[in-house]
Amino acid sequence: MPEDSVRPDILSVLLHLARAVESAMRWSLQGLGLTPAQAETLRFIATTRPDVATVGWLAKTLGVRHATAVGILEPLVERGLVERHPHPWDGRQSVLALTPAGAELAERLRAAEEALLEVVDARSEEERACIERGLQALVRAMVDAGLIVVAAPCAGCAHFRPNAHGPGRHHCALIDRELPDEQSRLNCPEHEPALAGV
Ligand code: SF4
């Protein structure tokens, strides 16, 4: 069989999986009063380092235009789930933060997603490892192609200088700032995987 002949199947499986996940999540999201994009917005704010939780990075993470991201965000602001705060050092920007009600909804959302992951949890250890490796390779390919942005914590980032300012006080060479330990554990959309052996 020519190698090319598997490509249409991969696309068809990916589309099928995307629809199945969306459909499985729809009922839970409806119960929480969220659209899929609003759910992703809450997840982004809950897991992203506070100074990069901006509308600009939200738009890149969702893969939409800035104006579209604002349109997704506004109902969450109006419902009292999200608020804007001044950026800690850039006066031209503001950052997004969850209100207590938003944090509670984000926690309920996480619980709904956990239930969906039980499908994977039920597989054998070997199968779970295979699924994880395959997904990692797919994500890497899509990041390399510039199709998606994936945020990750500082560990393993080329710009991370652990304990550069003392125990638990790290440094990011990209923004040239100190990072408290708890912030280094949050997701950063500028994470750049360090090359192996470097
Ligand atoms: S660029 Fe890297 S080191 Fe800097 S904050 Fe982001 S993940 Fe951490």
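This structure is a prediction, so every number in the text was calculated from the model and none was measured. Scope of the values below: all heavy atoms of this structure, side chains included, with no hydrogens, waters or symmetry mates. Both ligands and their constituent atoms are indexed starting at 1 by order of listing.
The environment of CD in Glu126 is sparse: at most 12 heavy-atom neighbours from other residues, nucleotides or ligands sit within 6.0 Å. Residue Arg128 places its CZ atom among more than 12 non-hydrogen atoms of other residues, nucleotides or ligands, all under 6.0 Å distant.
Glu78 pairs by the salt bridge (charged side-chain N to carboxylate O under 4.0 Å, His left out) definition with nothing, not counting sequence neighbours.
If you look at His165 and His170, their ring centroids are not closer than 6.0 Å.
A distance limit of 4.0 angstrom between heavy atoms and ligand 1 selects the residues Arg49, Cys154, Cys157, His159, Phe160, Cys172, Leu174, Leu179, Cys188, Glu190, His191.
Under the 4.5 Å side-chain criterion, counting only non-hydrogen atoms from C-beta, Leu96 is in contact with Leu73.
Annotation: cation-pi pair Arg177/Trp89 present, NZ/CZ under 6.0 Å from the ring centroid and within 45° of its normal.
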